[in-house]
Visitor: 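Can you keep this structure in mind? I'll have questions shortly.
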There are 2 protein chains.
Amino acid sequence: MNIQFKKGVLEICVLSVLAHKDCYGYELVYEISKQIDISEGTIYPLLRRLKDEGFVTTYLQESVEGPPRKYYRLTDSGRKEEHELKEEWMRFTTAVNSLLVGNDAAE
Amino acid sequence: MNIQFKKGVLEICVLSVLAHKDCYGYELVYEISKQIDISEGTIYPLLRRLKDEGFVTTYLQESVEGPPRKYYRLTDSGRKEEHELKEEWMRFTTAVNSLLVGNDAAE
DNA sequence: ACACAGTATCTTGCATAACAAGATACATAC
DNA sequence: GTATGTATCTTGTTATGCAAGATACTGTGT
């Protein structure tokens, strides 16, 4: 998979999953990996950024299967960001596709 | 516009425009800018990479409006790359959208 | 002659984000 | 006590886009 394509997009994916339910990091990797390859070395720094920017808050919860889990929950600001980023992503892919298709049609 | 989204995508855009017609760098900026912001500091290094990788060849042509233009033409390898990258881009956006829509539906 | 705008190419240094690899630690099973 | 699965986090590397500026040719206005 082209790593470059993911730049900026994984952030929307994380926000989008969190808009559905609170998750811990390891769980997010599992959920997103159903569609897109993502590694732990990517998710944890990303989650830290989202917290630093105020888009998520965290809380710890114990687990019977291993060490305690750090859950992430969207803030209002995070919900707004999720919405805006998603709109921007849609605009962007529409623009790209019109460029690609436009040139396909002309071949 | 989110700069990160463009990572890797501008390369397909350039290849796709070149699949339609030979272009010089300045012209590519103009064509792609109709849909996506792109600057000259991006296009020239990108074109050099594409040439180093054997996806394009170049030829000079004089202009009455300024300095000579360096035209870029797709090679067979470049045409193949354009096709493969486009397919990968389609697969990627489908995967992302299914993640985003999936969570929209669950809200 | 001189300055300026438009056309055209190219380079340097910076910012960002994803990843591989590894460190750490808890729980359970063998 | 060793290995496996769960879980978090850090370090160093890599790739790409951008702003800013350098260079140079052509035509226009003064």
Visitor: Taking only side-chain N and O atoms of A/Y24, does any of them lie within less than 4.0 angstrom of OP1 or OP2 on D/dA7?
Guide: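 So the side-chain polar atoms of A/Y24 do come within 4.0 Å of the phosphate oxygens OP1 or OP2 of D/dA7, strictly under.
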Visitor: Would you classify A/N2 as touching base, sugar-phosphate or nothing, given that sugar-phosphate means primed atoms plus P, OP1 and OP2, and contacts are heavy atoms under 4.0 Å?
Guide: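 If one applies the 4.0 Å heavy-atom cut-off, A/N2 turns out to touch nothing in the nucleic acid.
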Visitor: Of B/K7 and A/R69, whose closest DNA chain D nucleotide lies nearer the 5' terminus?
Guide: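 It is A/R69 whose nearest nucleotide is closer to the 5' end.
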Visitor: Please figure out whether A/V64 or A/K6 has its closest DNA chain C nucleotide nearer the 5' end.
Guide: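 Upstream on the strand: A/K6.
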Visitor: Can you find a side chain N or O atom of A/R49 that sits less than 4.0 Å from OP1 or OP2 on D/dC9?
Guide: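 It does not, given that no N or O in the side chain of A/R49 lies less than 4.0 Å from OP1 or OP2 of D/dC9.
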Visitor: Send over the distance from A/M1 CE to D/dA15 P, rounded to a whole Å.
Guide: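 Whole-Å distance recorded here is 19 Å.
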Visitor: In whole angstrom, give the distance that lies between atom CZ of B/R48 and atom P of D/dT16.
Guide: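 For the pair B/R48 CZ and D/dT16 P, the rounded distance is 15 Å.
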Visitor: For A/N2, is there any backbone N or O sitting under 3.5 Å from a side-chain donor or acceptor partner on B/E88?
Guide: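 Flag set: sc B/E88 to bb A/N2 pair under 3.5 Å.
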Visitor: Taking A/G54's backbone N and O only, do any of them form a donor-acceptor pair with A/T75's side chain (distance below 3.5 Å, no angle check)?
Guide: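 Such a contact is found between A/T75 side chain and A/G54 backbone.
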Visitor: What class does the angle between the rings of A/Y59 and A/Y71 fall in, given that below 30° is parallel, 30 to 60° is tilted and above 60° is perpendicular?
Guide: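 Answer is parallel, since the angle falls under 30°.
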Visitor: Calculate the interatomic distance between B/L60 atom CG and C/dC10 atom C1'; express it in whole Å.
Guide: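 So the CG-C1' distance, B/L60 to C/dC10, works out to 13 Å.
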Visitor: Do other residues, nucleotides or ligands put more than 12 heavy atoms under 6.0 Å from A/D52 CG?
Guide: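 Yes, CG of A/D52 has more than 12 neighbouring heavy atoms, counting only those of other groups under 6.0 Å.
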Visitor: Rounding to an integer number of Å, can you tell me how far B/I36 CD1 sits from D/dC18 P?
Guide: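 Going from CD1 in B/I36 over to P in D/dC18 covers 10 Å.
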Visitor: If you compare every side-chain N and O of A/S63 against the phosphate oxygens of D/dA7 (OP1, OP2), does one of them come in below 4.0 Å?
Guide: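 Yes, A/S63 has a side-chain N/O under 4.0 Å of OP1/OP2 on D/dA7.
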Visitor: Would you mind telling me which residue lines up with the more 5' stretch of DNA chain D, A/Y44 or B/P45, judged by nearest nucleotide?
Guide: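 The answer here is A/Y44.
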Visitor: When the distance from CD1 of B/I3 to P of D/dA19 is rounded to whole Å, what number comes out?
Guide: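 For the pair B/I3 CD1 and D/dA19 P, the rounded distance is 7 Å.
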Visitor: Look up atom CD in B/E53 and atom NZ in B/K51, then write down how far apart they are to the nearest 0.5 Å.
Guide: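 The NZ atom of B/K51 is 13.5 Å from CD of B/E53, to the nearest 0.5 Å.
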Visitor: Using whole Å, report how far CD of B/E40 lies from P of D/dA22.
Guide: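 One finds 15 Å between P of D/dA22 and CD of B/E40, rounded.
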Visitor: Could you state the atom-to-atom distance from NZ of A/K70 to P of C/dT24 in whole Å?
Guide: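 After rounding, the reported distance stands at 18 Å.
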Visitor: Without decimals, in angstroms, what is the distance between A/L28 CG and D/dT6 P?
Guide: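 Distance, rounded to whole Å: 16 Å.
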Visitor: Which part of the nucleic acid, if any, lies within reach of B/G25 when heavy atoms closer than 4.0 Å are counted: base, sugar-phosphate only, or nothing?
Guide: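 Result for B/G25 = sugar-phosphate.
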